[in-house]
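Read through the structure below, which is laid out as structure tokens, and then see the notes.
Every chain is numbered from 1, with letters handed out A, B, ... down the list of sequences.
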Amino acid sequence: MSRPGKKRSRATLPDKEGSAAKFTKSKTQEEEESMIPAAKERNSKPVGSGTGKTTKETCPSAQGSKQAYSHWLMKSEPESRFEKGVDVKFGIEDLKAQPNQTACWDGVRNYQARNFMRDMKVGQEAFFYHSNCKEPGIAGIIKIVKEAYPDHTQFDKKDPHYDSSSTKENPKWSMVDVQFERMTKRFIPLSELKAQHQAHRASGGPLKDMTLFTRQRLSVQPLTDEEFEFVLSLEEKPS
DNA sequence: GCCAACGTTGGC
DNA sequence: GCCAACGTTGGC
């Protein structure tokens, strides 16, 4: 999925136009596209710690303010893989090597994942998850340093994620900028998260509804505060 | 490399 | 609007 940007010649540095977070949205189309009916089954505990909040859930269709999440998990591939001739490898070490240890998270081409990126706020933290590799799992923590703005790779014909259906006037895809914060104290493998998830399904523990398992293919996903804290607590355990 | 899960597309 | 075919994700 995403190929967080490496190459940006200019986009790299945090931008220039302030927070361009939302381009004009013409109401009619735009966020909508979540087309995934189930978007809300995780009813239980959201909470946003941060701010906002409000709105309880369920607003029928239109937009609805959903619950505010404040923690995320973002997947990226740490091993080389070529897509249309371009290596999409981008592990946490690649992020650390960027100027200012910051990169734009480009290449996301799934509406639900995109919409979650549009909900991200500066300062929020996310787990950097290594996918499609020898040892999948959580490698570190990153933070959002720039809110959603148009993903330039959608307009680049040579980019593996070029989208001929998108226009500059009404860009379809967004990205955020993220900065390396730290490695987790130890690598937290998927196998361990899965074992916890399974145990919690039986016991009602904090990972019982973790999106990593309930929507396995989603590359950008929210975590409740409780999920985030629990995963962090695993750092302290001897593996 | 296999293949299950699941999102997207397009015919009707 | 339904749904089968198809394509992609990503663990194993």
Nearest-nucleotide pick for K194(A), side chain only, options being dT8(B), dA5(B), dG11(C): dG11(C)
Cationic N near anionic O, under 4.0 Å, R182(A) to E235(A): yes
Residue whose closest nucleotide on DNA chain B lies nearer the 5' end, N132(A) versus R109(A): N132(A)
Same apolar cluster (I L V M F W Y, side chains within < 4.5 Å links), F187(A)/L212(A): no
Separation of atom CG in L218(A) from atom P in dT8(B), rounded to whole Å: 10 Å
Interatomic distance, R81(A) CZ vs dT9(C) P [rounded to whole Å]: 6 Å
Spacing of D163(A) atom CG relative to dG7(B) atom C1', expressed in whole Å: 15 Å
Nearest-Å distance for atom pair CG/P, residues L190(A) and dG11(C): 6 Å
Aromatic centroids of W173(A) and Y111(A) separated by under 6.0 Å: yes
H197(A) NE2 - dG11(C) C1' separation (whole Å): 14 Å
Distance, rounded to the nearest Å, where E77(A) contributes CD and dT9(C) contributes P: 8 Å
Polar contact flag, side-chain donor to acceptor under 3.5 angstrom, S219(A)-R114(A): no
Atom-to-atom span, CD of E83(A) to P of dT9(C) - whole angstrom: 6 Å
Distance in angstrom units between R215(A) CZ and dG7(B) P, rounded: 8 Å
Phosphate OP1/OP2 of dT9(C): any Y129(A) side-chain N/O under 4.0 Å: no
